[in-house]
Number of protein chains: 4
Amino acid sequence: MTPPKDRSRTDKRERILAAAVKVFAERGFYNAKVSQVAAEAGVADGTIYLYFKNKDDLLISAFEDRMSWINSRLTNELETRQPPVDRLRRFFAMHLLLAVHSRDLAEFITVELRQSARFIKEYKNPKFAEYLNILRGLIVEGQQQGAFRRDVDARIVTRALFGMLDEVMLTLVLSRKTPTEEQVAFYVDQLEKVVLQGLLLNPDAS
Amino acid sequence: MTPPKDRSRTDKRERILAAAVKVFAERGFYNAKVSQVAAEAGVADGTIYLYFKNKDDLLISAFEDRMSWINSRLTNELETRQPPVDRLRRFFAMHLLLAVHSRDLAEFITVELRQSARFIKEYKNPKFAEYLNILRGLIVEGQQQGAFRRDVDARIVTRALFGMLDEVMLTLVLSRKTPTEEQVAFYVDQLEKVVLQGLLLNPDAS
Amino acid sequence: MTPPKDRSRTDKRERILAAAVKVFAERGFYNAKVSQVAAEAGVADGTIYLYFKNKDDLLISAFEDRMSWINSRLTNELETRQPPVDRLRRFFAMHLLLAVHSRDLAEFITVELRQSARFIKEYKNPKFAEYLNILRGLIVEGQQQGAFRRDVDARIVTRALFGMLDEVMLTLVLSRKTPTEEQVAFYVDQLEKVVLQGLLLNPDAS
Amino acid sequence: MTPPKDRSRTDKRERILAAAVKVFAERGFYNAKVSQVAAEAGVADGTIYLYFKNKDDLLISAFEDRMSWINSRLTNELETRQPPVDRLRRFFAMHLLLAVHSRDLAEFITVELRQSARFIKEYKNPKFAEYLNILRGLIVEGQQQGAFRRDVDARIVTRALFGMLDEVMLTLVLSRKTPTEEQVAFYVDQLEKVVLQGLLLNPDAS
DNA sequence: TATGAATGAGAATTCATTCAT
DNA sequence: GATGAATGAATTCTCATTCAT
């Protein structure tokens, strides 16, 4: 019984993508060698070029594929009837939990998205835009429902919150050992205190 | 009468650093060629190696030199008797104003610090640590003086605020045209609303 | 009722040869990919290796097969009782008419024979030798019958005439549009004037 | 006393060109490796790319440089007051003597011009065109002065004569040993008999 | 010190060929 | 026989770094 061709092809493509995520996360795009990705995937160097146009394409494909997966999980998880505040908390948690459950991927996305800032901007980046849109949707909804203040631009807040999450994830990901879920919960709690309630003890006085 | 040698050396070193900041900002560290930096500095390729050990050292030196300058300006500016809240505002503003007054430098720091996340972390990064320390000092002081809430870890808040500022600066820096001071003031105002007063309209209810 | 195997084999081999002629003519041997030949022939890449040892063998086989065909047509056409001069004219015409009736083949032979000058010489080339022999036979016969001058070496004349025809065919084959029979007739006429009657208006004076 | 920079640069460029002519002649463009050319020239691989854009450019440059040299020698030699017939003879001789005096170059030009027929046509080839123009000038002048028949197109005759010379040179160049000047003189004599006086013993009868 | 030509290690990519299905 | 996915050897070209001048 031969495996269906599509299955086999898909498997190999996926193996290469997983290897790329791992190797790019470990060494960074520019220091990673295509041959290292091939070795990690257990295929010949040339095989990579059967599935991807070149090294850049491999990076972009890995990024898009993984972001798609993240976006669809987020979308599923957040399409609840819960109040916006709870969903924003959940978003924070899911963002940071990536460092617990898929450390390679967390590192890949955190480091590569930055490493390739220009690169990725130039070639557009619809999946990342989608990610930000999900976050922005939460903010806007919260504003409409009267949960969040309306005197701030949702677009700017989105960026600010993403920056926060991203930087915190970077510290998690660069630390010697993988964080636990409890540690992540603590971080989420801290971030909420800052951005939901604000740092000021006596806001009216400000 | 030739200029004092030290002066001349210093000048050339500075010219190379300025060129590195510009070229690395424009093309990214890995895509920038040493010969492009040399050309921009108006020196021969080999001359760079009289002042810096190698390309990595040039990056680190440029980063540290510029961060030192930024840190000292910050320190000067913030050693006032003003209340912590005002100083935090001032910190936000100074961070983002870099995009207005030294766009190359803002881009260099934003993009390179990311691009070289691991790289720069691995080789330690005392100047960046110092920058974060200044910010943390403001938080801690605010907490001690009763202006900021005490139930958050200053270290985490520091990271979160830095991430916010960094991400917002990235958007400023990657946009087609240099922002104005007014635009930056608007951004600062928005960020303050989020992190000082909090997003929630009715915090007690949360 | 399946077709006899030999027939099927022959067909496929022939399809591959035709494809090779076409693709090698279009792109040149070194720039042509085996996979392009396979695609043109409508077979899998690997199939080519069931019929030919390797890419070189495919080139040689295509060349020999086509030259055999050309030689046999020439032999048929020229085994008449016509005077040598007329047969030489006919030879010229048949050579150049290939550009009209089998442009791919004409291009393949003209360009590849040159491209592979050494290559083909090294591996011997009996079919090409046979082609030259037919031409030489005409010269020798003409000399014996007193139609052509005897104070020239038939071998050298053969080479010279072939070079002439080959170069003229190259120009025909590289021109934008396929030449017509009339154009070819004109070229033949011109070449005859040169090599049969000579360029000199007043030969005795020379 | 340092050698003038231009001198040194020119020398190295020339060494690389000479090496390219030799190696390309020996192995053909596609089978020749850039590293072989570098080794032959006694420089590092990378040095070649300081003087030439890429391997193609090296081929074209070598071809153009050598053709320029040939053209200027031809021009000098042929700008005499001698009758066209003598100058045509001289042209034949000079063409073929290349095989005696610069065997590598003769082989390079003969084989590469063919090997790269398409390649060179596509990228234009002014130096080769100039060579043909010199030859055509002789024909036309001969026609104008009444030495050569006028009922042939000089352009076609030019091509035909070049093809003859080229093919004969190919045989000289591919033979085991370098021909002598005497042998070349014999070939020239044979070619003259064919194209000046014509093959026919009794032209009027034709 | 300064130069910039030269170096050569290193990496991405191609493609003829193989072989399991 | 036929397929075409996989292989990996081979090659071009780049560019950080060196060093003779």
Side-chain angles (χ1 to χ4, degrees), chain A residues 1-3 5 8-9 12-13 16 30-39 41-58, chain B residues 2 5 8-9 12 30-39 41-58, chain C residues 2 5 8-9 12 30-39 41-58, chain D residues 1-3 5 8-9 12-13 16 30-39 41-58:
Chain A
M1 200 118 307
T2 62
K5 276 181 188 163
S8 149
R9 265 193 77 85
K12 194 155 290 186
R13 191 185 136 95
I16 294 170
Y30 290 103
N31 290 317
K33 308 301 159 216
V34 170
S35 61
Q36 292 171 331
V37 175
V43 300
D45 291 15
T47 303
I48 296 208
Y49 293 89
L50 296 179
Y51 294 87
F52 305 95
K53 206 153 58 77
N54 51 36
K55 195 185 171 189
D56 282 359
D57 184 38
L58 178 57
Chain B
T2 59
K5 282 201 175 139
S8 150
R9 256 198 80 86
K12 194 158 288 189
Y30 290 103
N31 290 315
K33 316 284 162 245
V34 171
S35 61
Q36 291 171 328
V37 175
V43 302
D45 292 14
T47 304
I48 292 193
Y49 292 86
L50 298 176
Y51 294 86
F52 304 95
K53 203 152 61 75
N54 52 35
K55 195 185 173 189
D56 283 0
D57 184 38
L58 179 57
Chain C
T2 60
K5 286 205 172 136
S8 151
R9 257 197 79 84
K12 195 160 285 190
Y30 290 103
N31 290 317
K33 316 286 164 242
V34 171
S35 60
Q36 292 171 328
V37 175
V43 301
D45 292 15
T47 303
I48 292 194
Y49 292 86
L50 298 176
Y51 293 86
F52 304 95
K53 203 153 58 76
N54 52 36
K55 194 185 174 190
D56 283 359
D57 184 39
L58 178 57
Chain D
M1 200 122 302
T2 62
K5 275 179 189 164
S8 150
R9 267 194 75 86
K12 194 155 292 187
R13 190 185 138 94
I16 294 171
Y30 290 103
N31 290 316
K33 308 303 160 217
V34 171
S35 60
Q36 292 171 330
V37 175
V43 300
D45 292 15
T47 303
I48 297 209
Y49 294 88
L50 296 179
Y51 294 86
F52 305 95
K53 206 152 57 76
N54 50 35
K55 195 185 171 189
D56 282 0
D57 184 39
L58 178 57

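Here is the naming used below: chain letters follow the sequence lines, and residue numbers restart at 1 for every chain. Keep in mind that this is a model prediction, so the values were computed, not measured.
Distances shorter than 4.0 Å separate none of the side-chain N or O atoms of D:Lys12 from OP1 or OP2 on E:dA5.
Rounded to whole Å, the distance from CD1 on A:Ile16 to C1' on F:dA5 is 11 Å. At whole-Å resolution of the value, CD1 in B:Ile48 and C1' in E:dT1 are 15 Å apart. The distance between atom OH of D:Tyr51 and atom P of E:dG4, rounded to the nearest whole Å, is 14 Å. Distance CZ (A:Phe52) to P (E:dT13): 13 Å, rounded to an integer number of Å.
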Worksheet item: For DNA chain F, what dot-bracket results from Watson-Crick or G-U pairs at under 3.5 Å, with [ ] for crossers and | for inter-strand partners?
Response: .||||||||||||||||||||
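Sequence order on DNA chain E of the closest nucleotides to D:Gly42 and B:Val43 puts B:Val43 first from the 5' end.
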Worksheet, complete the sentence: In 5'-to-3' order, the base (B), backbone-only (S) or no-contact (-) status of each nucleotide in nucleotides 11-16 of chain F, using a 4.0 angstrom heavy-atom cut-off, is SSBBSS
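Distance check, rounded to the nearest 0.5 Å: OG1 of A:Thr47 to CZ of A:Arg13 gives 14.5 Å.
Partners of A:Ala41 under the side chain to side chain contact (heavy atoms under 4.5 Å, CB included) rule, at least two apart in sequence or in another chain, are A:Ile16, A:Ala19, A:Val43. B:Asn31 is linked by a side-chain hydrogen bond (donor to acceptor under 3.5 Å, both in side chains) to A:Tyr30, counting only residues two or more places apart in sequence or in another chain. The side chain to side chain contact (heavy atoms under 4.5 Å, CB included) check on A:Val34 picks up A:Ile48, A:Tyr49, A:Lys55, with sequence neighbours excluded.
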